[in-house]
Structures are given as structure tokens and as C-alpha cells.
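Since the structure is predicted, the reported quantities are computational estimates derived from the model, not experimental observations. In this chain, numbering begins with 1 at the start of the sequence shown.
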Amino acid sequence: MMPGTADADVASVYSAIEESAGLIDVTASRDVVWPILTAFEDELADAVIAFRVATNAQHEGDFDARFTLPKEVDPYAVALSKGLVEETDHPIGGLLSDIQRLCAIDSFGIDFGVTSGFKKIWVYFPEGEQETLARLTSLASMPRSLAENIDFFTRYGLAEKVDVIGIDYRSRTMNAYLAAPAKCFEADTVLAMHRELGLPSPSEEMFNFCERSFGLYTTHNWDAAEIQRMSYGAKTEDPMAFFARLGTKIEHFVKNVPYGVDDPKMVYAAVTSSGEEYYKLQSYYRWRSVSRLNAAYIAARDKESA
């Protein structure tokens, strides 16, 4: 049997979510999680699956899970048909379909809380075919703060390669994940960008984190012309190497989560407009899709038998 073909049915994924959420004293709601998993159960066997915890008060009492979907699946249409999200006249309701009409898409992802339910859809653009802010801001459903800050993005070299768009239906916000030049992670530039956007200055710990980051994203809503938040992301096999302390529950999760022990972890850092500084940690239940693992397995097998 090829690797990974039986490790992602609904029951096993739910069990892993339940066990992992328990590490931070969160009880997963079967009534919340099970309908989401079953809505996309045909795709689970080949999905990249990750779990995420956060250090800020907003995420207290919840635990996030996410998984990828092939581009042939319309995640918003499925979510509507299964009652995971409600119909809305808000521009966010038309954003995904507008992106689908305009852009080449590599794949999707969804994000949900084990107590709060369906939250986000991720749109991944193909490598080498990243979108530009000029094209994305042509969509009437995009938050106006994306277009109204185009000079800021251009000045810092952030306008030409958008890797991912995140659409948060629960908070009615949108994230733009941007390929950034190295200077954007230097302390002086980080400070300058925050000051220009009217965001509080990061702590020394966050400056140090930014120096080891590989990407950044901005958060927008439909009610303001300002960029709501700027966040930075880093990949590591040892999240604790970034911090003196993540908080007792998060540290316990990092040290005891039984899945993806040897896989890379993603860490995100952000400062909100109110001055709250917090971190998100993403650990993988499975960080490579089964189809890619099977392709590598088949190639290795064929090479050995040649």
C-alpha cells in the first residue's frame, strides 16, 4: 500500500483535532467540527492538514484547524450548501467568485475553529503566476484599503507578487500575503512601515522575529481605508527557539502535540492597532499532500526497479 492512503478519514482527523485541542484545554465540539469535515470528506485523504494556536485573548477558548482543497472544489459554494456560512449581501460574499473569474488558482484551503466553526477560505495562486495588487484592486468586492494604500505597497516593493488571499467570513476581513524584499524584515524598515500605517512599534522580541521571517501579510476590512494589521511569518522546526516564553498552554502544545513532530512549524507574529502583540503557531498533522507523497513513492519505486 502506498503511504498515507488511510490516515485522513473523517474519524481519524476528528480524533486528532480533539486530542490536539485538549492540549490547550479546549474541548472540540463534534457538532461544529464533524459537519465541516464531512462536507469536504472526499478531499481529506489528499489534503495538507494543520492545527493552529494563538497567544492573544481573541483566540482564548478556541483551537483552529485547516486543510487544503484542489482548485476544482469551490469551497464557498460547498460551505453555503452545507450551512457552514450564511448568504450575505456584504461584498465579502462575492469576493471569491470575483477572484476565480480574474485569476489563475493553484488550490484552496479552509480554516475553522473547533468551537466557533467555519472561518476562512484561502486562495493560493500558482508559483510563477502570483497576482499583482494592480489587478486585484480592480475587483469591486475588494476592501478599498487595498487600493488606497497602493503607494505604500509599491514604495516597499510589496505590490507585484501576491501569493495568497485569505477571506475571513467570521470577522469580515481579508488578508493579502505578499512576497517581500529582504529589507522589509530589517528592524528599521519594520519600524518605518508600522509608523507610516499608524501601528504601534513592535517589541524587541518581535524585531528579532522579523529578521528571521520569510513573508508578511496585511489585514483589511471593508469599513476603513487604513490597513488594520501587518503580520510576519517564519518557518522553523523549533518554535521555542524564537521566544523566551509563549505562555504555559502554548508551550505545552508545542512540546506535546503528537503530530508532525519532525515537520516544519509555521509561526506568525503581529501587532494590532490597539497595541496587542501576539503570535500564532501552526503545526502540521500532515504537511505534504498524499498525491505528492505517492508521486515521490512511485518515482522512487520505478527508479529502484529500472
Side-chain angles (χ1 to χ4, degrees), residues 4 6-41 43-45 47-69 75 78-79 82-85 108-122 166 168-171 175 231 233 235-240 242-243 245-270 276 278-289:
D7 66 348
D9 59 278
V10 170
S12 63
V13 174
Y14 179 80
S15 178
I17 289 172
E18 188 176 48
E19 180 180 8
S20 299
L23 293 173
I24 59 168
D25 298 328
V26 171
T27 301
S29 168
R30 184 183 176 91
D31 291 342
V32 169
V33 176
W34 199 264
I36 297 172
L37 297 181
T38 55
F40 298 97
E41 62 182 320
E43 287 74 39
L44 277 181
V48 175
I49 303 172
F51 305 145
R52 195 186 69 183
V53 292
T55 63
N56 61 330
Q58 179 185 344
H59 291 87
E60 185 73 24
D62 207 358
F63 177 87
D64 287 350
R66 53 181 59 183
F67 54 83
T68 57
L69 298 165
V78 173
K82 300 296 184 179
L84 305 177
V85 294
F108 296 108
I110 66 163
D111 192 323
F112 59 94
V114 301
T115 63
S116 57
F118 191 94
K119 291 182 178 180
K120 299 178 184 177
I121 289 174
W122 307 94
D168 190 325
Y169 295 91
R170 183 167 295 274
S171 68
N175 295 334
S231 308
K235 183 183 292 185
T236 178
E237 293 183 2
D238 180 16
M240 298 308 299
F242 282 93
F243 312 103
R245 187 171 180 80
L246 275 171
T248 304
K249 288 183 180 180
I250 307 300
E251 288 184 17
H252 181 69
F253 174 83
V254 172
K255 294 174 181 177
N256 293 280
V257 63
Y259 306 104
V261 174
D262 297 321
D263 294 336
K265 311 293 189 296
M266 293 295 299
V267 184
Y268 298 94
E276 181 185 22
Y278 67 96
Y279 299 88
K280 299 177 182 179
L281 170 70
Q282 180 170 301
S283 179
Y284 290 88
Y285 174 70
R286 185 176 62 217
W287 74 286
R288 290 177 178 170
S289 71

TODO: Would you give the length of the straight line joining atom NZ of Lys119 to atom CD1 of Ile110, rounded to the nearest 0.5 angstrom?
DONE: 12.5 Å
TODO: For the pair Tyr169 and Phe118, name the ring-plane relationship: parallel under 30°, tilted 30 to 60°, perpendicular over 60°.
DONE: tilted
Scan the side chains in residues 25-38 for donor-acceptor partners under 3.5 Å anywhere in the protein, sequence neighbours excluded, and list what turns up.
| from | atom 1 | to | atom 2 | distance (Å) |
| --- | --- | --- | --- | --- |
| Ser29 | OG | Asp31 | N | 3.4 |
| Ser29 | OG | Val32 | N | 3.3 |
| Thr38 | OG1 | Trp34 | O | 3.0 |
| Thr38 | OG1 | Pro35 | O | 3.2 |

Task: Among Phe67, Phe63, Tyr284, Trp287, the one residue meeting ring pair (Phe, Tyr, Trp, His ring centres under 6.0 Å) with Phe51 - done: Phe63
Open item on the list: Please give me the minimum heavy-atom distance between Phe40 and Pro75, naming the atom from each residue.
Closed with: CZ-O, 3.9 Å
Task: Thr55 side-chain N/O to Tyr279 backbone N/O, donor-acceptor pair under 3.5 Å - done: yes
Task: Gap between atom NZ of Lys235 and atom NZ of Lys265 - 0.5 Å precision - done: 12.0 Å
Open item on the list: As an exercise, state the distance from CG of Asp168 to NZ of Lys120, rounded to the nearest 0.5 Å.
Closed with: 5.0 Å
Open item on the list: So, taking the atom named CG in Leu44 and the one named CD1 in Ile49, what distance separates them when rounded to the nearest 0.5 Å?
Closed with: 5.5 Å
- [ ] Mind listing the closest non-hydrogen atom pair of Pro258 and Glu19 along with its distance?
- [x] CG-OE2, 3.7 Å
Task: Spacing of CG belonging to Asp64 relative to CZ belonging to Phe112, to within rounding of 0.5 Å - done: 8.5 Å
TODO: Give the minimum heavy-atom separation between Gly61 and Thr115, together with the two atoms involved.
DONE: O-OG1, 3.5 Å
Task: Minimal non-hydrogen separation, Asp62 against Val114, with atom names - done: OD1-N, 3.1 Å
Open item on the list: Between Arg52 and Asp111 (side chain of the first, backbone of the second, donor and acceptor by atom type, cut-off under 3.5 Å), is there such a pair?
Closed with: no
Open item on the list: When you measure from the side chain of Lys255 to the backbone of Phe253, do you find a donor-acceptor pair of N or O atoms at a distance under 3.5 Å?
Closed with: no
TODO: Would you give the length of the straight line joining atom OH of Tyr285 to atom CD1 of Ile17, rounded to the nearest 0.5 angstrom?
DONE: 9.0 Å
Task: Nearest heavy-atom neighbours spanning Val257 and Ser283 - done: CG1-OG, 3.9 Å
